[in-house]
Amino acid sequence: MDVDLRKLRYFVAVAEELHFGRAAERLHIAQPVVSRQIRALEDELRAQLFVRTKRSTELTPAGRQLLDDARPLLASAEAVRRRVAQAARGPKTFTVGFMPGVTVTQVVRAFTAAHPGVEVEVIRTTWDDQVDVLHDGRADVSIVRLPIDQQGLSIRPLFEEPRVAMLPSDHRLAGKPMIEITDLADEHLLQDPDAVPEWRDIAVELRRGRPKPVTAYRSVEEKLEHVAAGRGVSIIPLSVASYYQRPDVAVVPVSELATNKVALAWIASRRSRLLYDFADLATTVDWTPRQDD
């Protein structure tokens with residue numbers, strides 16, 4: 001059975017909004033159309049995807065499974081559309097994604113010199129979309145900060161760098177030349193504890209079984225606003241801390257922290273000569289993080 005991608009898009013919208021009216025607004029179509037398409041999809045799959053009451057809309061187990069499968073499928077379809085459109089435009093473009101703190105100027109210049117007929121574009125990514133930009137076709141390569149889900153990707157290591165603690169400038173540890181991770185055991189970490197297992201394993205709030213909610217921040221700037229306000233601390237790569245310096249946030253080195261590894265990633269199934277040329281150049285340039293980057 002072939003699954004209609006349009007129905008999948010409607011399904012994902014409803015599954016993410018958990019509200020047929022909001023999904024219809026997001027899709028810019030009438031709500032009855034969304035409802036009909038979802039019923040048709042359920043008939044085709046012979047499975048109920050939502051449980052609807054007067055108060056709420058919830059995913060069934062089958063719906064949760066379909067959502068997990070539908071997202072990468074729709075991303076792949078969008079990537080195909082983008083690449084075909086790019087090929088139809090004629091002049092080649094090559095897009096590089098990069099994470100905060102990573103400077104791509106040197107490798108982009110080298111690549112442009114080697115391929116003068118290729119227009120190079122760059123897009124800034126985040127922890128949330130540094131891999132998504134590859135799967136949905138927005139970027140040809142992405143300079144990522146590990147760990148990531150490496151399924152379907154080719155990975156080439158580039159460099160690694162220390163991580164540091166970001167503290168409010170009036171924090172008791174601000175100004176110290178070096179601290180230990182145990183010094184932060186009583187603090188609240190403004191990121192997923194699994195991202196800093198050294199803290200996770202000693203954190204008082206986790207040992208007591210009273211973890212505070214973890215907010216998903218959309219940018220480094222947003223996270224540092226919360227650090228400056230005294231709502232917690234954050235562990236970030238040194239180059240990111242150097243780039244986002246501000247007087248109300250202190251940067252303090254931390255011993256016994258694993259380094260942050262940076263790598264180049266691209267879709268493994270792609271066979272573009274430009275991909276391999278960029279990867280070869282990326283391993284020859286100097287990626288050493290500098291304080292003034």
In sequence, state the C-alpha distance, the side-chain angles, and the governing distance for L158 and I143, and then conclude on side-chain contact (heavy atoms from CB on, under 4.5 Å). CA-CA 9 Å; L158 296 178; I143 298 169; 4.1 Å; yes
Would you sort out whether T125 and Q130 count as a side-chain hydrogen bond (donor to acceptor under 3.5 Å, both in side chains), showing the intermediate values? CA-CA 5 Å; T125 61; Q130 60 175 337; 5.2 Å; no
side-chain contact (heavy atoms from CB on, under 4.5 Å) between L74 and R9, intermediate numbers included: CA-CA 7 Å; L74 290 174; R9 291 190 185 93; 3.7 Å; yes
Between L275 and I267, does a side-chain contact (heavy atoms from CB on, under 4.5 Å) hold up when you go through it step by step? CA-CA 10 Å; L275 283 174; I267 299 297; over 6 Å; no
Quick one: do V227 and V233 satisfy side-chain contact (heavy atoms from CB on, under 4.5 Å)? Show the steps, please. CA-CA 6 Å; V227 171; V233 303; 5.8 Å; no
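For R273, the CZ atom is densely surrounded, since the number of other residues' heavy atoms within 6.0 Å is greater than 12. Within 6.0 Å of CZ in R109 there are 12 or fewer heavy atoms belonging to other residues, nucleotides or ligands.
A salt bridge links R145 to E161: one of the charged nitrogens lies within less than 4.0 Å of a carboxylate oxygen. A salt bridge links R270 with D140: the closest approach of a Lys/Arg side-chain nitrogen to an acidic carboxylate oxygen falls below 4.0 angstrom. R71 has a carboxylate O that lies under 4.0 Å from a charged side-chain N of E16, or vice versa, which qualifies the two as a salt bridge. Between R39 and D43 there is no salt bridge, since no side-chain N of the basic residue sits under 4.0 Å from a carboxylate O of the acidic one. Checked for salt-bridge contact, R26 and E17 meet the test: a charged N lies under 4.0 Å from a carboxylate O.
With T53 contributing its side chain and R55 its backbone, the two residues share a donor-acceptor pair below 3.5 Å.
At least one side-chain heavy atom of L66 sits under 4.5 Å from a side-chain heavy atom of L8. F159 places none of its side-chain heavy atoms less than 4.5 Å from the side chain of K261.
Annotation: salt bridge (Lys or Arg N to Asp or Glu O under 4.0 Å) contacts involving residues 170-183, sequence neighbours excluded, comprise R172-E187. Every pair passing ring-ring contact (aromatic ring centres under 6.0 Å, His included) that includes a residue from residues 12-32 is listed here, sequence neighbours excluded: F20-F50. Under the ring-ring contact (aromatic ring centres under 6.0 Å, His included) criterion, the residue pairs touching residues 100-150 are F94-F111, F111-H115, F111-F278, with sequence neighbours excluded. Contacts classified as ring-ring contact (aromatic ring centres under 6.0 Å, His included) and involving residues 213-232 (residues at least two apart or in different chains) are given here: Y217-H226.
For the salt bridge (Lys or Arg N to Asp or Glu O under 4.0 Å) test, residues two or more places apart in sequence or in another chain that qualify with K7 are D4, E44. For E225, the salt bridge (Lys or Arg N to Asp or Glu O under 4.0 Å) partners two or more places apart in sequence, or in a different chain, are R246.
Residues Q48 and T60 have side chains that never bring a donor and an acceptor to within less than 3.5 angstrom of each other.
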